[in-house]
Structures are given as C-alpha cells and as structure tokens.
Amino acid sequence: MHGLGNDFIVIDGRETDPALDEATIRHLCDRRFGIGCDQLVLLSAPTLEGADVLVRFFNADGSESGACGNASRCVASLVGNNPVLQTRAGLLLTSQDGDRITVNMGAPRTGWQDVPLSKDCDTLHLPLHDAAACSMGNPHATVFGDVSRAEDLGPSLEKSPLFPQRANIGFADLITPGHMRLRVWERGAGLTLACGSGACAAVVNAVRRGLADRTCLVTMDGGDLQITWQENGDVLMTGPATTVFHGKLP
Ligand SMILES: N[C@H](CCC[C@H](N)C(=O)O)C(=O)O
C-alpha cells in the first residue's frame, strides 16, 4: 500500500502473529533483495479496550517508530469500518469519506524531553538550523526555508547528537499561511515522497511560530494532505490511501 507514494508492506498478523526479527524486516523492506518499502506495518490483535487492531510501524532500517501517519490511513482503509488503531502513540480514531481518510493523530508533545532532545532547549528554536521540534509519537524537527536542502542536510540532522533517538527532519516553506510545501528526510528511511506525521509536526511547528493557520494544506513531492491542529489539541490528518497488490509471504 502507499499514502502519496510513501509505501508500505502491510502484514495482517491478526490470525497468524508472525515473529519478524529486525533482519527479516530489513530484508523485506529492501527494494532489490526483498519486496521493497519505506516502512513495514504489522497488524496484530488489539490488547486495549476500544481498539480494533494493534499496529506497529518499522522503518526500512529495521527501527521501530511510534507513529506513521500515511500508514495509519492505509490500515484504516484496509481494516474498514472506521477502526480505532492501537499504536505506541496511543489510540487513534479514524474515519473515511469516499477515498479520503481522516486519522486523529492525537496531540503533539513539545517539551524537550518529549521530542526527545539530549539537552534542555527551546523546542521552538533549536541550536540546529533554528529548527522547531515536537513529537507526534515520533520525533520531528522542522527546518523552515529552502525545501531543496532535504537531501544534503537531512542525513546529518537525522543523526545529530541533539536527537538521542534520531529524528525525522522536515524542510518546510509557507506559500501562504494556509498552504505549506514540505519535504521530509525520514528517520530510518531517508527522503520519502510524503510523511504524514511529518506533515502534522510541520504544521504544529509553523503554527507555534505564527507562520501558519491551524488548518493548512501540505504539499509534498507525492501529493497533498489536509492538516488541522484543533483547538482541543488533537491533530487531524486527511488524505488518500492506495492498495497496490495483495500477496502471500512464503
Ligand atoms: N520514519 C518515521 C516513521 C514513518 C513516518 C512516516 N512515514 C509517516 O507517514 O508518518 C520515524 O522513524 O519516526
């Protein structure tokens, strides 16, 4: 499946509960020796009251993430009936209107220990390209200005010592307060065509900086997401989800 070209292997393990070690995940995600994807998504039976499915997200390098916005829309579409997703970031409510899926990604966390950072910093102005940082259940930093810098700055910033768990690095340019251009160098996956949690984090950081409206269209290389940071604190993300093919692992 994919969300605006951010692509996934989604394994429905609700009946079989396959044991996938890091090496297997890396192999499956490999675009030459495996199937190929940005992230692998594993579905299991839920363990929390009110949840319909437990969802875990793994980057192509095998690292696990607490959130993945584009994959969350894909899982909602695959499972159907507006499922509640149990993730490491919490219970995510979903809804579908035709081919548009909305995921409530929950509230951002903006404290330096929440991102997390390795030292006490103003998360609105990091001592690193003046980036702003927050967590959407996974760490994000947003650098405002030239989006073409993603390829050359992304790799070093992802692994900066300021981010003890590494970070996803968004490069954002506000076309208008209601329309953002964004490119994301993702932790554990590199430059992707779209990043859902990254779009949420970039809008939150831009609103905090007084640069964006609370409802903002985010245009990424793979397409557009509609993001709303609600007054109640939750961030809603709306966009498409596409199934490419169904397969069976040997
Ligand atoms: N690379 C991210 C996980 C995938 C996020 C992205 N694909 C999305 O749609 O949110 C991380 O390690 O936190």
Side-chain angles (χ1 to χ4, degrees), residues 1-10 22 25-26 28-29 31 36-42 55-78 85 87-90 92 94 101-109 114-117 131 133-142 150 154-155 157-160 162-172 180 182-205 218-227 229 235-242:
M1 302 183 81
H2 73 83
L4 301 176
N6 179 203
D7 62 345
F8 313 105
I9 299 167
V10 182
E22 195 174 309
I25 290 169
R26 278 202 309 274
L28 291 170
C29 295
R31 296 188 185 283
C37 62
D38 292 327
Q39 280 88 28
L40 184 144
V41 184
L42 180 60
V55 190
R56 295 177 69 186
F57 309 107
F58 299 89
N59 290 306
D61 71 354
S63 62
E64 184 166 3
S65 171
C68 183
N70 287 321
S72 296
R73 292 198 316 280
C74 289
V75 171
S77 166
L78 183 71
L85 311 185
T87 72
R88 271 182 22 190
L92 306 185
T94 71
I101 294 139
T102 296
V103 178
N104 182 329
M105 295 289 287
R109 291 167 281 290
D114 300 315
V115 175
L117 303 181
C134 71
S135 170
M136 290 304 304
N138 58 344
H140 288 274
T142 309
L157 294 186
E158 173 199 351
K159 299 176 176 67
S160 163
L162 189 57
F163 306 119
Q165 295 175 11
R166 299 185 289 164
N168 301 281
I169 314 295
F171 295 82
M180 176 192 286
L182 178 70
R183 300 177 79 224
V184 183
W185 179 272
E186 286 200 29
R187 175 180 64 169
L191 188 70
T192 59
L193 290 176
C195 180
S197 57
C200 296
V203 171
V204 165
N205 287 330
V218 179
T219 296
M220 294 169 280
D221 294 347
D224 295 348
L225 289 177
Q226 182 81 16
I227 307 294
W229 185 16
V235 183
L236 302 184
M237 169 198 60
T238 301
T242 306

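Indexing begins at 1, ligand by ligand and atom by atom, following the structure's order. Nothing fancy with the numbering, it's 1 onward along the sequence. Just so it is clear, the structure is predicted and the values come from calculations on it, not from any experiment.
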Judged by non-hydrogen atoms, does [X] sit under 4.0 Å from ligand 1?
X: C195; result: yes
X: A67; result: yes
X: D38; result: no

Proximal ligand 1 atoms for [X], defined as those under 4.0 Å from one of its heavy atoms:
X: G196; value: 8 (C), 9 (O), 10 (O)
X: R187; value: 1 (N), 11 (C), 12 (O), 13 (O)
X: S197; value: 5 (C), 8 (C), 9 (O), 10 (O)
X: N138; value: 2 (C), 11 (C), 13 (O)

Does an N or O anywhere in G198 fall below 3.5 Å from an N or O of ligand 1?
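No, since none of the N or O atoms of G198 sits under 3.5 Å from an N or O of ligand 1.
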State whether the side chain of [X] and the backbone N or O of [Y] hold a donor-acceptor pair below 3.5 Å, judged by distance alone.
X: D38; Y: D7; value: yes
X: N168; Y: P139; value: yes
X: N70; Y: N6; value: no
X: D114; Y: P116; value: no

If you measure from [atom1] on [X] to [atom2] on [Y], what distance do you get to the nearest 0.5 Å?
X: L117; Y: Q165; atom1: CG; atom2: CD; result: 10.5 Å
X: M180; Y: T142; atom1: CE; atom2: OG1; result: 7.0 Å
X: C29; Y: F8; atom1: SG; atom2: CZ; result: 11.0 Å

Structural part of Q39 in contact with ligand 1, heavy atom criterion under 4.0 angstrom:
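Answer for Q39: side chain.
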Nearest-contact summary for [atom] - protein heavy atom, Å:
atom: atom 5 (C) of ligand 1; result: E186 OE1, 3.4 Å
atom: atom 2 (C) of ligand 1; result: N168 OD1, 3.1 Å
atom: atom 7 (N) of ligand 1; result: N6 OD1, 2.8 Å

Do H140 and S135 have side-chain N/O donor and acceptor atoms under 3.5 Å apart?
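No - no donor-acceptor pair under 3.5 Å links their side chains.
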